[in-house]
K.L.:
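One structure, as structure tokens, below. Some questions next.
Lettering follows sequence order; numbering is per chain, from 1. FYI, side chains are in, hydrogens and waters are out, and symmetry mates aren't considered; it's all heavy atoms of this structure.
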There are 2 protein chains.
Amino acid sequence: MSRHSGVNRATIKQVARLSGVSIKTVSRVINGAVYVSAQTRRSVTDAINRLNYRPNALARGLVTRRSRSIGLVIADIVNPFFPPFVRSVEDAAAARGYNVILCDTDEDRGRERAAISLLLEKQVDGLILCASRLPAAFLMAVADSGILLVLVNRVLRHPRAAAVVVDAAEGGRRATAHLLDLGHRRVAYLSGPATSFSHIGRLRGYRQALDARGIAFDPEIVAGGAASIVAGGEAAAKLMSLKRPPTAIFAFDDLMAIGAMEDLRRQGRRVPGDVAVVGFDDIDMAAFVAPPLTTVAQPKAEMGRLAAARLLEMIKTSSPPSPRTVTLTPELIIRRSCGWYKEAAT
Amino acid sequence: MSRHSGVNRATIKQVARLSGVSIKTVSRVINGAVYVSAQTRRSVTDAINRLNYRPNALARGLVTRRSRSIGLVIADIVNPFFPPFVRSVEDAAAARGYNVILCDTDEDRGRERAAISLLLEKQVDGLILCASRLPAAFLMAVADSGILLVLVNRVLRHPRAAAVVVDAAEGGRRATAHLLDLGHRRVAYLSGPATSFSHIGRLRGYRQALDARGIAFDPEIVAGGAASIVAGGEAAAKLMSLKRPPTAIFAFDDLMAIGAMEDLRRQGRRVPGDVAVVGFDDIDMAAFVAPPLTTVAQPKAEMGRLAAARLLEMIKTSSPPSPRTVTLTPELIIRRSCGWYKEAAT
DNA sequence: CGCGAGGATGTCAACGTTGTCATACGCGTA
DNA sequence: TACGCGTATGACAACGTTGACATCCTCGCG
């Protein structure tokens, strides 16, 4: 059936001709409008199948001003935090017939700007921005241009923006408090990217927990800067070479925690025997490393589900979100790396 | 500056009016055409910035018949195999100004069909189908409709389809042969999804390696069916309850291998002491589980890069790919779980 | 001084769809 | 008989952009 080699997509016009009705009637059938006789509907449907016709979403979007796709901007899909998040965004979107255009930014402002710009050109109906690094003024301008926004782990006061955040400070507090409860007095913080709102929140929680016990904050035992396994290892190495090394480490995320544990082992230190470690995120890997990692779990799938649901709702009603911000509380998952368990088996 | 609340996107017409030229000239400036005086170009650029104008990709795509986006259909982004793959597809696409629309299918034929259909409506310029489960006839029909296809780990004889595959049988052979070389005579296979081409290839390699040593294939020590941690655990449990349990396990993928190791440990068996384990994929986690997992590495990022590069090339030249199929060879990464290392440190 | 060769710009008709409005046909009711 | 209403359909103009083609300068050269 295929023409010699060229593309051969049927248009609504061809369907109309084949079924002997006007293109408007075909349009009505496609869109399930009322007031189409059963007979007409049948003959149009037949023609559609015979021609293997598919409506052109570009043309449709041009006139309806809806593209039925949303943009999803994240730092890096390779970071294990993101897949469950992305997956649930996608599921929620697909369930309503929406597509997701995914963009990684590597936490680079330039790339993030470029991604947003491209997404806007593509006329996405809305944008989910995960841990955006861009200045608030820029995001305000984006929202001003008419696009709907859902931010994750960041807020923005704009009638077209909503947010889903997990309480980073609370997470930092819980992790640090737990270590303190275990008797540690010198707890280090492996810091994440300086521009990250999550990092700032977790650091604040860490300091609050310290304050609550009257322990002075010591900038010497704060190291790091990038959320990766190798950065975690390097930071841990630096920390342990100190005159007074820490006896416990609270890491910005699980990747850094795993890197730290790796380095500790290489240096012949035992976790949690010599140094206790707590991470953040609860990535899948956390339960399987040795020792299993104690960590603060972010409800990744729930965050994605919520972000997508909120955005889609805003798109549907085109009304400001309410409440503007939904806050989730992270949960401390206690495994072996913090030394809570007696050193039983292996 | 924003109108009361409504959307206010500038169009090419407004830019034209503001800069006092025709829309065609604006179009020329946007597209960097020659034959535009420096002065005109300047005034148009000014107007564009003043209005914060962005070309509408829908309208553009309608007339140029190019959407500058590609569809990427995968099983499940949560499976750690995919993120590096997706990431490199995205990078390659972004580098050429293309967007990626991501769809997860959960290995479900219905969802895969639906995803492809939606992507076609969106007028993507090409499709990357990863480990498609769909009948060849269906894929042929898709390609017939004019779209360009790149398949991953599967081939299709069609002038508009290319493929990137890793030699699954070779991987299966290497993994099994290694175990055999280590002295094992009863090597089990933890099988993946029955409909998966990768599974079929790996199983074939496994049998070939057995054959090469004159060891009879024993269907009793083949178990499994789904590529997940829990499925791996269950299959291992079943295997170990046999009259003559295996002394080594070759798993369809790392997830299953990790699940198997987990279950083995729970039952008090040592890996690799009592049972040797080899996985497939070399996901990030593999190096960090206990013991570190020996596995057959797929060049995930390279596969993504190649798939995207081939597709983009086909889009650019709209000529059949050559060679039609690129085959990559997987590599055996030896870690601790197979018992190759002397049982030195922990 | 006239002419041709570019350079610079504009007009108009697509692209494939939906929204608005008009029209036509019964059929029950005043 | 005339009217109005519910049903079914079509004509035509958008939507925002680019491609094909036309036009009009200006300048150098014979």
K.L.:
Using a 4.0 Å heavy-atom cut-off across all strands, classify A:Val34 as base, sugar-phosphate, or nothing.
P.N.:
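Since no nucleic acid heavy atom lies under 4.0 Å of A:Val34, the category is nothing.
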K.L.:
Pick the closest DNA chain C nucleotide for A:Lys24 and for A:Ala59 by heavy atoms, then say which residue is nearer the 5' end.
P.N.:
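Taking each residue's closest nucleotide, the earlier one in sequence belongs to A:Ala59.
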K.L.:
Is there a side-chain contact between A:Ser27 and the phosphate of C:dT18, meaning an N or O under 4.0 Å from OP1 or OP2?
P.N.:
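Yes, such a contact exists.
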K.L.:
Checking B:Ser117 against A:Arg54: is there a side-chain donor and acceptor pair closer than 3.5 Å?
P.N.:
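Looking only at side-chain atoms, B:Ser117 and A:Arg54 do form a donor-acceptor pair, the distance falling under 3.5 Å.
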K.L.:
Output, in order, the C-alpha distance, side-chain angles, deciding distance and verdict of salt bridge (charged side-chain N to carboxylate O under 4.0 Å, His left out) for B:Asp46 and B:Arg41.
P.N.:
CA-CA 8 Å; B:Asp46 277 6; B:Arg41 187 175 309 254; over 6 Å; no
K.L.:
By nearest atom, which of the nucleotides D:dT18, C:dT9, C:dT17 is closest to the B:Thr25 side chain?
P.N.:
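Of the candidates, C:dT9 comes closest.
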K.L.:
At 4.0 Å (heavy atoms only), tell me whether A:Val21 reaches a base, stays on the sugar-phosphate, or touches nothing.
P.N.:
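Result for A:Val21 = sugar-phosphate.
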K.L.:
Atom CG of A:Asn31 and atom P of C:dT20: how far apart are they, to the nearest Å?
P.N.:
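The answer, rounded to whole Å, is 13 Å.
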K.L.:
Nearest heavy-atom pair of A:Arg9 and B:Ser145: which atoms, and what distance?
P.N.:
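Heavy-atom minimum between the residues: CG-O, 3.6 Å.
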K.L.:
Between atom CG of A:Leu151 and atom CZ of A:Arg310, what is the distance when rounded to the nearest 0.5 Å?
P.N.:
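Going from CG on A:Leu151 over to CZ on A:Arg310, the span is 10.5 Å.
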K.L.:
Classify the side chain of A:Arg28 and the base of C:dG19 as holding, or not holding, a donor-acceptor pair under 3.5 Å.
P.N.:
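Answer no: no donor N or O sits under 3.5 Å from an acceptor.
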K.L.:
Choose from C:dG10, D:dT9, C:dT18 the nucleotide whose nearest atom is closest to any side-chain atom of B:Ser22.
P.N.:
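That would be C:dG10.
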K.L.:
I want to check one thing: is the phosphate of D:dA8, taken as OP1 and OP2, less than 4.0 Å away from some side-chain N or O of A:Tyr35?
P.N.:
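Indeed not, no polar side-chain atom of A:Tyr35 lies that close.
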K.L.:
When you get a sec, tell me which of C:dT17, D:dT9, C:dG19 is the closest nucleotide to the side chain of A:Thr40?
P.N.:
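When the side chain of A:Thr40 is considered, D:dT9 is the closest of C:dT17, D:dT9, C:dG19.
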K.L.:
Which part of the nucleic acid, if any, lies within reach of B:Arg65 when heavy atoms closer than 4.0 Å are counted: base, sugar-phosphate only, or nothing?
P.N.:
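Result for B:Arg65 = sugar-phosphate.
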K.L.:
I want to verify a distance call: between D:dT18, D:dT9, D:dC15, whose nearest atom is closest to the A:Ser37 side chain?
P.N.:
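Among D:dT18, D:dT9, D:dC15, the one nearest the side chain of A:Ser37 is D:dT9.
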